[in-house]
Amino acid sequence: MTTLLSQTFFARDALEVARDLVGATLRHGPVALRITEVEAYRWPDDSANHCHRGPTARNAPMWGPPGRAYLYRCYGLHTLLNLVTGPEGEGAAVLIRAAEPLEGLETIQGRRGGLDGPALLCGPGRVGAALGLDLSFNHHPVTEPGGLEAHAGRPGVRLVFGPRVGVDYAEPRHAAAPWRVADAGSRWVSHRRGLTRSAP
DNA sequence: TCTACGATCTTT
DNA sequence: AAGATCGTAGAT
């Protein structure tokens, strides 16, 4: 049996939540995924964060209560899933970058054109596709039963850290910050290069 | 309104 | 190495 993560769990600094989300489970219908790689988009000092320039229509979910979904469309085709962190009124979230399939493999493969192996779930666009998400999931509470849910996993995962992917537009100190977190022992991790044992 | 482009992935 | 493909931000 598993338990839903609480709103309190998400009401912390994005980096802390990111560390604790690795190993947790995402569920949506027949699909269950074990989170293996995430990135923290922190508040207030993070120029890579979508909220860095203040509220907009797109980033509205990030300013809302913790434990909600923030989805956004990237490059016109990929739907990227974030989980909102920190207290309401602060714009922070954790991007889900990769996961390992636990249940619903056939459903995932159906959504991904029958692919197999880590290519199925390594990369944030693939995670969104595997879970069958779209922008209508914005604001959805993953701390409540029904629809997309986040459940606690087993603690004690060995973690590795590194710079976030695709944030070269940010200030160098933010682009280089080791705010990407992954399961050291998992093969379901994208861009393994750049990850080290040293915590930030 | 208009324009440029992105927290990406696939194919060449 | 480049194309797909569109919502959004920032400019006008």
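The basis for the numbers below is simple: all heavy atoms, side chains too, and nothing from hydrogens, waters or symmetry mates. Residue numbers start from 1 in every chain, and the chains themselves are labelled A, B, ... in the order their sequence lines are given, proteins ahead of strands.
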- Give A/R112 one of three labels, base, sugar-phosphate or nothing, depending on what nucleic acid heavy atoms sit under 4.0 Å from its own. sugar-phosphate
- Query: If you measure from the P atom in C/dA1 to the same atom in B/dA7, how many Å do you get, rounded?
  - Reply: 22 Å
- Task: Report yes or no: is there a donor-acceptor pair, N or O only, under 3.5 Å between the side chain of A/H50 and the base of B/dA7?
- Result: yes
- Query: For A/Y41 and B/dA7, is the gap between ring centres under 5.5 Å while the planes differ by less than 30°?
  - Reply: yes
- Message: Rounded to whole Å, how long is the line connecting atom CG of A/N59 with atom P of B/dA7?
- Response: 12 Å
- Message: Under the side chain to side chain contact (heavy atoms under 4.5 Å, CB included) test against A/L81, which residue among A/V94, A/L133, A/L95 passes?
- Response: A/L133
- Does A/V142 reach the side chain of A/F10, with side-chain heavy atoms less than 4.5 Å apart? yes
- For B/dA7, take OP1 and OP2 only and decide whether either is under 4.0 Å from a side-chain N or O of A/Y169. yes
- Given the C1' atoms of B/dC5 and C/dA2, what is the spacing between them in whole Å? 16 Å
- Query: Counting N and O atoms only, with roles assigned by atom type, does the side chain of A/N49 sit under 3.5 Å from a partner on the main chain of A/P44, one being a donor and the other an acceptor?
  - Reply: no
- Rounded to the nearest Å, what distance is computed from the CZ atom of residue A/R73 to the P atom of nucleotide B/dG6? 17 Å
- Query: What integer distance in Å separates A/L95:CG from B/dT8:C1'?
  - Reply: 11 Å
With a cut-off of 3.5 Å and sequence neighbours excluded, list every side-chain donor-acceptor pair involving residues 193-200 of chain A.
residue : atom : partner : partner atom : Å
A/T196  : OG1  : A/S198  : N            : 3.4
A/T196  : OG1  : A/S198  : OG           : 2.9

- Task: For the residue pair A/S190 and A/R97, establish whether any side-chain heavy-atom pair is separated by less than 4.5 Å.
- Result: yes
- Under 4.0 angstrom, heavy atoms only, what part of the nucleic acid is A/R164 near: base, sugar-phosphate, or nothing? nothing
- Which pairs, with at least one residue in residues 127-151 of chain A and sequence neighbours excluded, count as a salt bridge (Lys or Arg N to Asp or Glu O under 4.0 Å)? none
- Query: Are A/F9 and A/L21 close enough that some pair of their side-chain heavy atoms sits under 4.5 Å apart?
  - Reply: yes
- Task: Find the distance A/H78:NE2 to B/dT11:P and express it as a whole number of Å.
- Result: 11 Å
- For A/Y72, what residues pass the ring-ring contact (aromatic ring centres under 6.0 Å, His included) criterion, not counting sequence neighbours? A/H50
- Message: Would you say that A/L71 contacts A/N138 through its side chain, given a criterion of any heavy-atom pair below 4.5 Å between the two side chains?
- Response: yes
- Atom-pair distance (CG on A/L77; P on B/dT11), nearest Å: 12 Å
- Task: Kindly say if A/Y75 contacts the phosphate of B/dC9, meaning a side-chain N or O under 4.0 Å from OP1 or OP2.
- Result: no
- Length of the CG-C1' vector between A/L71 and B/dT8, whole Å: 15 Å
- Of all residues at least two apart in sequence or in a different chain, which pass the side-chain hydrogen bond (donor to acceptor under 3.5 Å, both in side chains) check with A/D116? none
- Query: How close or far is atom C1' of B/dT8 from atom CZ of A/R180, stated in whole angstroms?
  - Reply: 14 Å
- Which is the 5'-most and which the 3'-most nucleotide of DNA chain C that has an atom under 4.0 Å from a heavy atom of chain A? C/dA4 to C/dG10
- Based on Watson-Crick and G-U pairs with both distances under 3.5 Å, what dot-bracket line describes DNA chain C 5' to 3', crossing pairs as [ ] and inter-strand pairs as |? ||||.||||||.
